[in-house]
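Everything numeric in this text was worked out from a predicted model, so none of it was measured. In what follows, every heavy atom counts, from backbone to side chain, and hydrogens, waters and symmetry copies are set aside.
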Amino acid sequence: QVQLVESGGGLVQPGGSLRLSCAASASIFGIYVMGWYRQAPGKQRELVATITSGGNTNYADSVKGRFTISRDNAKNTVALQMNSLKPEDTAVYFCNAQRIDFQLTYWGQGTQVTVSS
């Protein structure tokens with residue numbers, strides 16, 4: 001089993017930037033697709049971005065061009081660089097690891113991102 005711990009959330013003004021980090025308790029190399037999801041109050045959890053072990057990425061249309069996901073397999077970490085933040089980006093952001101060999105996912109505890117003036 002993989003434990004995930006997010007960090008880096010906080011309060012930022014519209015147009016500002018934040019960098020989220022996710023640390024995994026076990027190796028993620030070649031085994032997991034990593035991702036970031038978010039959930040706003042009263043809303044469903046939604047995909048933000050994913051990245052494969054080979055570095056292929058995909059993003060939600062709402063964040064494309066503003067957010068960048070990356071991973072360091074040697075350090076078992078995943079990051080989400082968030083630029084040009086908007087109030088609608090306000091949510092709890094969750095790190096996710098999904099096994100590529102069978103359907104099994106792991107979730108972090110979440111980190112709050114608040115975009116407000």
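- Counting only N and O atoms by type, the side chains of Asn83 and Gln81 include a donor and acceptor under 3.5 Å apart.
- If you take OG1 on Thr105 and CZ on Arg99, they are separated by 11.5 Å, rounding to the nearest 0.5 Å.
- Interatomic distance, Arg71 CZ to Tyr32 OH, rounded to the nearest 0.5 Å: 11.0 Å.
- The CG atom of Asn58 sits 5.5 Å away from the CG atom of Leu47 when rounded to the nearest 0.5 Å.
- A cation-pi geometry, defined here as NZ or CZ lying under 6.0 Å from the six-membered ring centre and within 45° of its normal, does not hold between Arg38 and Phe94.
- In this structure the side chain of Val48 reaches within 4.5 angstrom of the side chain of Leu80, judged on heavy atoms.
- Gln3 CD: 12 or fewer foreign heavy atoms inside a 6.0 Å radius.
- Leu4 and Val2 get closest at one heavy-atom pair: CD2-CG1, 3.6 Å.
- A 4.5 Å side-chain heavy-atom check between Val12 and Thr114 finds every atom pair outside the cut-off.
- Between Cys22 and Trp36, the shortest heavy-atom distance links the atoms CB-CZ2, 3.6 Å.
- Annotation: side chain of Leu11 is in contact with side chain of Ser116 (closest heavy-atom distance under 4.5 Å).
- Crowding of Gln44 atom CD: a count of heavy atoms from other residues, nucleotides or ligands under 6.0 Å not exceeding 12.
- To the nearest 0.5 Å, atom CD of residue Glu46 and atom OG of residue Ser62 are 5.5 Å apart.
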Legend entry - Stepwise side-chain contact (heavy atoms from CB on, under 4.5 Å) check, Ser70 with Arg19: CA-CA 11 Å; Ser70 61; Arg19 183 178 176 88; 4.1 Å; yes
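- Using a 4.5 Å heavy-atom cutoff, the side chains of Val113 and Leu18 are in contact.
- The hydrophobic clustering, which links ILVMFWY residues whose side-chain heavy atoms are closer than 4.5 Å, places Trp107 and Tyr93 apart.
- Shortest non-hydrogen contact noted between Ala40 and Ala91 is N-CB, 3.8 Å.
- Using modelled atom types and a 3.5 Å distance limit, the side chains of Glu6 and Gln109 yield a donor-acceptor pair.
- Hydrophobic clustering, with ILVMFWY side chains joined whenever heavy atoms are under 4.5 angstrom apart, groups Tyr59 together with Leu85.
- At least one side-chain heavy atom of Arg66 sits less than 4.5 Å from a side-chain heavy atom of Lys86.
- Note that SG of Cys95 and OH of Tyr106 are 13.0 Å apart. Values are rounded to the nearest 0.5 Å.
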Inset, instruction - With side-chain contact (heavy atoms from CB on, under 4.5 Å) as the test, would you mind laying out the steps for Ile69 and Val78 before giving the verdict? - result: CA-CA 7 Å; Ile69 188 172; Val78 182; 4.0 Å; yes
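- Once rounded to the nearest 0.5 Å, the distance linking CE of Met34 with OG1 of Thr77 reads 9.0 Å.
- Annotation: side chain of Ile100 is in contact with side chain of Val33 (closest heavy-atom distance under 4.5 Å).
- Counting heavy atoms from C-beta on, the side chains of Pro14 and Glu88 never come closer than 4.5 Å.
- Under the 4.5 Å side-chain criterion, counting only non-hydrogen atoms from C-beta, Asp89 is in contact with Phe67.
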